[in-house]
Visitor: 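Got a structure here, written out as structure tokens. Questions coming.
Not measured: the values here are computed from a predicted model. Chain naming here is simple, since letters A, B, ... match the order of the sequence lines and numbering starts at 1 in each.
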2 protein chains.
Amino acid sequence: MNDKPLKMKKSDRTRAAIAAAAQRIFASQGYERATIREIAAAAGIDPTMVMRYFGSKDRLFAEVAEFDLDLPDLAALDRDRIGETLVAHFLSVWESESGGGFPILLRSAASNDYAAARMQQLFAAQVLPAMLVLGPPDSAPQRAGLVATQMLGLALARYVLRLPPVVMLDRDTIVREIGATLQRYATGA
Amino acid sequence: MNDKPLKMKKSDRTRAAIAAAAQRIFASQGYERATIREIAAAAGIDPTMVMRYFGSKDRLFAEVAEFDLDLPDLAALDRDRIGETLVAHFLSVWESESGGGFPILLRSAASNDYAAARMQQLFAAQVLPAMLVLGPPDSAPQRAGLVATQMLGLALARYVLRLPPVVMLDRDTIVREIGATLQRYATGA
DNA sequence: GTCTATAATTCGATAGAC
DNA sequence: GTCTATCGAATTATAGAC
């Protein structure tokens, strides 16, 4: 009878349904174009309920856009395969259920201040530290910056703009080709 | 007395002032958040004039977002320096006066259908053909796709999101590091 | 918990005086 | 050419009945 996890209180199910609908709408329309009304309709509930459960559009966005890159400890990995590992990890996170926050952030970051700030935070708190263990500290910001350009571009072209030639790239090709690039950026080799 | 090119009819000067203001506002806010009223204020004229000169917000956007990548003939270049040449060319275009259309498109493409379609067109009509002369036709879409991810990511991180470590990269570093990546992507080597 | 009604803004666009 | 006034639509958010 329920699509959602069983044995939840009704209020929790409603809240989860709103969050799920909000993820879809925010991810496909961006923050500005998404409306409370549309999200409510997609969740099959009344628009007022969205406000009741989340308070405001801003807070709803902040909640569903939350997510972690959850990078593994790169120092513990085979040093020759760091690039490939990084790409494979990013792809997994972005295509996972819990990774829905990334397309949302990315699509809204271009015109929403909160999303843009969150994106900066994300790279400062997770990508930069990861680069610190892979080479000289002085060059870590530069290496992190280069890594960021390549990964953000892949995500933008593939998941947001959906450029046909990028969408058509198969996973192995991406891991191999872009992995080689990240390997060079990350290790400075 | 005039900031704009001398000896224009007043109507042309007004039109140019609106277009210049629109470029700034669209580039910094994106399509949705930019308002006719704000653009008019930035241009120092009445909001009604924007409609009179451009008809609608859509047509104003289409006009100021227009631009060309204007790629040189890559086949005529030193084959070992194609990557560096590409990056240097992109940087020049994006930072030039007439290249203002690109940040505008990029910032709006995530949530504006016209901008997204225009971006697809741009790569299909200009990047893909350029790849055709550099290697086997079969792999041209794949090579163009990879090039697109790296260049879009650089533009996004540097000009739209303004990620500090990417903004701080100096031009020589970008040309060298990202040039090497494009060299590999474009030539398939 | 849920919904109706509506307040309060804001926006793009138009009509018309001067 | 320029501006005042305003329309009509859409939005977030709230008040309050049931």
Visitor: Please tell me which of the listed nucleotides, dG1(C), dG1(D), dA13(C), lies nearest to the side chain of S56(B)?
Guide: dA13(C)
Visitor: What nucleotide, of dG1(D), dC11(C), dT2(C), holds the atom closest to the side chain of Y53(B)?
Guide: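 Closest nucleotide among those given: dG1(D).
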Visitor: Please classify the nucleic acid contact of A34(A) as base, sugar-phosphate, or nothing, using heavy-atom distances under 4.0 Å.
Guide: sugar-phosphate
Visitor: Determine whether L169(B) and L146(A) make a side-chain contact, defined as any pair of heavy atoms from C-beta on separated by less than 4.5 Å.
Guide: yes
Visitor: Nearest of dC11(C), dT2(D), dA13(D) to any side-chain atom of R52(B)?
Guide: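 Of dC11(C), dT2(D), dA13(D), dT2(D) is nearest to the side chain of R52(B).
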Visitor: With respect to the side chain of I36(B), which nucleotide from dG12(C), dT2(C), dT2(D) is positioned closest?
Guide: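 Closest of the options to the side chain of I36(B): dG12(C).
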Visitor: Provide, to the nearest angstrom, the distance between the CD1 atom belonging to I45(A) and the P atom belonging to dC3(C).
Guide: 8 Å
Visitor: Which part of the nucleic acid does T48(B) contact within heavy-atom distance under 4.0 Å: base, sugar-phosphate only, or nothing?
Guide: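 If one applies the 4.0 Å heavy-atom cut-off, T48(B) turns out to touch a base.
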Visitor: Any side-chain heavy atom of T181(A) sitting closer than 4.5 Å to one from R184(B)?
Guide: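 The answer is yes; the side chains approach within 4.5 Å.
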Visitor: Taking only the side-chain nitrogens and oxygens of Y31(A), find out if one of them lies under 4.0 Å from OP1 or OP2 of dT11(D).
Guide: no
Visitor: Counting the atoms with a prime plus P, OP1 and OP2 as sugar-phosphate, which does F54(A) contact under 4.0 Å by heavy atoms, base, sugar-phosphate, or nothing?
Guide: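 Here F54(A) touches no strand at all.
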Visitor: Ignoring the backbone of D46(B), work out which of dT4(C), dT2(D), dC3(D) is nearest its side chain.
Guide: dC3(D)
Visitor: Within the 4.5 Å heavy-atom criterion, are Q126(A) and D68(A) side-chain neighbours or not?
Guide: yes
Visitor: What's the CE-C1' distance between M49(B) and dA13(C), to the nearest Å?
Guide: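 Distance, rounded to whole Å: 13 Å.
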Visitor: Between E38(B) (CD) and dT9(C) (C1'), how many Å, whole number?
Guide: 16 Å
Visitor: Whether S11(B) contacts dG1(D) is assessed here as follows: a side-chain N or O lying under 4.0 Å from the phosphate OP1 or OP2. Is that the case?
Guide: yes
Visitor: To the nearest Å, how far apart are F61(B) CZ and dG12(C) C1'?
Guide: 16 Å
Visitor: Tell me, please, which residues at least two apart from T48(B) pass side chain to side chain contact (heavy atoms under 4.5 Å, CB included).
Guide: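 For T48(B), the residues satisfying side chain to side chain contact (heavy atoms under 4.5 Å, CB included) (neighbours in sequence not counted) are D46(B).
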Visitor: If I take atom CD1 in residue I18(A) and atom P in nucleotide dG1(C), what distance separates them, rounded to the nearest angstrom?
Guide: 10 Å
Visitor: Between Y114(B) and F61(B), what is the ring plane arrangement, given parallel below 30°, perpendicular above 60°, and tilted in between?
Guide: perpendicular
Visitor: Taking side chain to side chain donor-acceptor pair (under 3.5 Å) as the test, write out the residues that go with S139(A), two or more places apart.
Guide: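 Expected list: R143(A).
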Visitor: Is R118(B) reaching over with its side chain to a backbone N or O of L105(B), donor-acceptor style, under 3.5 angstrom?
Guide: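 Looks like no, no N/O pair under 3.5 Å.
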Visitor: Take atom CE of M51(A) and atom P of dT11(D), then tell me their distance rounded to the nearest Å.
Guide: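 Rounding to the nearest Å, CE of M51(A) and P of dT11(D) are 14 Å apart.
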Visitor: For R15(B) and dT2(D), give me the distance from atom CZ to atom P, rounded to whole Å.
Guide: 13 Å
Visitor: May I ask you to decide if the ring planes of F26(A) and Y31(A) are parallel, tilted or perpendicular, using 30° and 60° as cut-offs?
Guide: parallel
Visitor: Enumerate the residues from residues 103-118 of chain B whose closest heavy atom to DNA chain C is under 4.0 Å, giving them by residue number; use none for an empty result.
Guide: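 Residues of residues 103-118 of chain B under 4.0 Å from DNA chain C: none.
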Visitor: Rounded to whole Å, how long is the line connecting atom CZ of R33(B) with atom P of dT11(D)?
Guide: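 My rounded result for the distance is 17 Å.
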Visitor: By nearest atom, which of the nucleotides dT6(D), dC3(C), dT4(D) is closest to the R37(B) side chain?
Guide: dT6(D)
